[in-house]
Amino acid sequence: MDIFATVVEMESLNKASQSLNISQPALSRKIMRLEEELGVELFRRKGKRLELTRAGRVCYEHALEQRHLERKLQRSLEEFKSAVKPSSIIIGASLTTLQSTLPDLITIYTKDYPNTDIKAITGKTHEIVPMVKDRKVDIGLVASKIEHPGLQCIPLFDDHLCLVLPIGHPFVSKASIEISDLHELPMILFSRGTWYRVLMDELFHRYAVHPDVKMEIDSFEAIIRLVSTCKTATLLPESYLRRHLIEENELIIRFIPALEQTTRTTSLLFTEEAAHHPSAQQFIEKAKDYFNKHG
């Protein structure tokens, strides 16, 4: 059919034979064989010129469609002919780092490597560590400094908890706030078992403080919205409190000296093998550069 289409476009067996690099008698035989197979006459010979019959025009349209489909198929198969597989990274992140730190890192990474396929798996810090060790994820992102055999840990930044209040809360106008002021204070806190909640509970126990915990939630974004709605207080890591979140939810940040004891280091975890994975290595370098500039 492709040979037939070439004859139609050249309007001459002689020109078509030269274009197809076959002899004119051989080309004539191919056209005659095609007419015999289809049972119709495709051309009328007018001197040296060929003129399509109505059946020939139908066949030519089919030949063009077939040519188009073959080219489409070839384009679709090109990616499979390449020996280079698309880049990919699997990142294991604690829920809080997934919501606060990971979006920034993905944004700066994909700016330079937009075709990398990034997959994120969430879990608590004690769940992320074995994921990294067992190579179920390439990189771990956790709000802790981890020392574990076979794992490399790169600290990115330090931060600590601070008191977050809705506008209109009685503590907003208070000249100074101490940790003892949190006793029986209505609060929304992280769920038990998370790193920051463990820190909070240790701190409360040390100072014999017992807040009135109204809700326990995993999502810090949900906590921020509910603090404003429910007019309660909360404790959140300073790094999570982006200006737009504070302004949009009409919140006030207050620093309490005792909360400086709750410092935690957000870190990247990876194995020696992962460090030699090109995409993982690029991600690690981008993260280090970003926090060196913004530290």
Side-chain angles (χ1 to χ4, degrees), residues 1-93 98 102-121 131 135-139 270-287 289-290:
M1 292 299 287
D2 196 46
I3 288 173
F4 162 70
T6 302
V7 173
V8 173
E9 289 155 4
M10 295 292 181
E11 297 182 343
S12 162
L13 283 172
N14 184 39
K15 291 178 181 178
S17 67
Q18 292 175 13
S19 175
L20 295 167
N21 199 28
I22 58 176
S23 68
Q24 187 171 328
L27 180 56
S28 295
R29 287 195 297 271
K30 286 181 180 290
I31 296 298
M32 288 174 63
R33 195 177 303 123
L34 180 60
E35 289 179 322
E36 289 171 5
E37 289 176 1
L38 296 175
V40 293
E41 187 181 33
L42 300 174
F43 294 103
R44 291 191 188 91
R45 279 76 176 172
K46 291 193 174 181
K48 292 184 179 181
R49 199 168 66 84
L50 297 175
E51 186 178 273
L52 272 177
T53 63
R54 289 180 63 187
R57 283 196 291 273
V58 171
C59 287
Y60 179 60
E61 289 174 5
H62 175 77
L64 291 179
E65 185 177 344
Q66 183 174 299
R67 183 187 285 172
H68 171 72
L69 290 173
E70 286 176 356
R71 288 174 179 170
K72 185 178 180 181
L73 174 62
Q74 287 299 323
R75 287 195 299 270
S76 298
L77 293 177
E78 282 302 317
E79 62 182 274
F80 296 100
K81 296 178 183 178
S82 171
V84 180
K85 293 183 178 179
S87 299
S88 63
I89 308 175
I90 303 176
I91 300 171
L98 177 77
L102 187 58
D104 286 343
L105 295 182
I106 289 177
T107 298
I108 61 169
Y109 178 80
T110 54
K111 185 176 180 181
D112 289 338
Y113 306 100
N115 297 322
T116 303
D117 181 27
I118 300 177
K119 180 180 180 182
I121 298 174
M131 286 184 196
R135 297 298 305 278
K136 292 179 181 176
V137 300
D138 299 307
I139 299 171
F270 50 91
T271 61
E272 184 68 35
E273 293 83 0
H276 292 96
H277 182 294
S279 296
Q281 189 178 42
Q282 291 158 357
F283 188 92
I284 292 165
E285 291 304 315
K286 283 286 182 186
D289 290 346
Y290 178 76

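Reckoned from all heavy atoms, side chains included, excluding hydrogens, waters and symmetry mates.
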Let's go through Phe43 and Thr53 carefully: what are the C-alpha distance in whole Å and the side-chain angles of both, what is the deciding distance for side-chain contact (heavy atoms from CB on, under 4.5 Å) to 0.1 Å, and is it a yes or a no? CA-CA 5 Å; Phe43 294 103; Thr53 63; 5.7 Å; no
Rounded distance [0.5 Å steps], CG in Leu38 versus NE2 in His62: 9.0 Å
Answer whether the closest heavy-atom distance between the side chains of Asp2 and Gln66 falls below 4.5 Å. no
Straight-line distance of Gln282 CD to Ile284 CD1, nearest 0.5 Å: 10.5 Å
To the nearest 0.5 Å, how far apart are NZ in Lys136 and CD1 in Ile121? 9.0 Å
Set of side-chain contact (heavy atoms from CB on, under 4.5 Å) partners for Ile118, sequence neighbours left out: Ile91, Ile106, Tyr109, Thr110, Thr116
Does a side-chain heavy-atom distance below 4.5 Å link Lys30 with Ile22? yes
Please name the pair of heavy atoms, one in Ala63 and one in Met1, separated by the smallest distance, quoted to 0.1 Å. CB-O, 3.6 Å
Only counting residues at least two apart or in another chain, list the ones meeting salt bridge (Lys or Arg N to Asp or Glu O under 4.0 Å) with Glu70. none
Could you tell me which non-hydrogen atom of Ala280 sits nearest to which non-hydrogen atom of Ala274, and how far apart they are? CB-O, 3.4 Å
Look up atom CD1 in Ile3 and atom OG in Ser17, then write down how far apart they are to the nearest 0.5 Å. 11.5 Å
To the nearest 0.5 angstrom, please state how far the CG atom of Leu27 sits from the CE atom of Met10. 11.0 Å
Has the side chain of His276 got a donor or acceptor atom that lies under 3.5 Å from a matching backbone atom of Glu272? yes
pair Arg67-Thr6: side-chain heavy atoms closer than 4.5 Å: yes
Restricting to non-hydrogen atoms, name the atom on Phe4 and the atom on Ile31 that form the minimum distance, rounded to 0.1 Å. CA-CD1, 4.1 Å
Excluding sequence neighbours, so at least two apart, what forms side-chain contact (heavy atoms from CB on, under 4.5 Å) with Asp104? Arg242, Tyr290
Verdict with supporting geometry, Tyr60 and Leu42, side-chain contact (heavy atoms from CB on, under 4.5 Å): CA-CA 9 Å; Tyr60 179 60; Leu42 300 174; over 6 Å; no
Yes or no on side-chain contact (heavy atoms from CB on, under 4.5 Å) for Tyr113 and Ser87, after CA distance, side-chain angles and deciding distance? CA-CA 9 Å; Tyr113 306 100; Ser87 299; over 6 Å; no
Does Ser279 use its side chain to pair, donor to acceptor, with the backbone of Ile89 at less than 3.5 Å? no
Criterion side-chain contact (heavy atoms from CB on, under 4.5 Å) on Leu105 and Lys286, from CA distance to verdict: CA-CA 8 Å; Leu105 295 182; Lys286 283 286 182 186; over 6 Å; no
Working to the nearest 0.5 Å, report the span between CD of Glu35 and CE of Met32. 7.5 Å
Residue Glu65 excluded, over 12 heavy atoms near CD under 6.0 Å: no
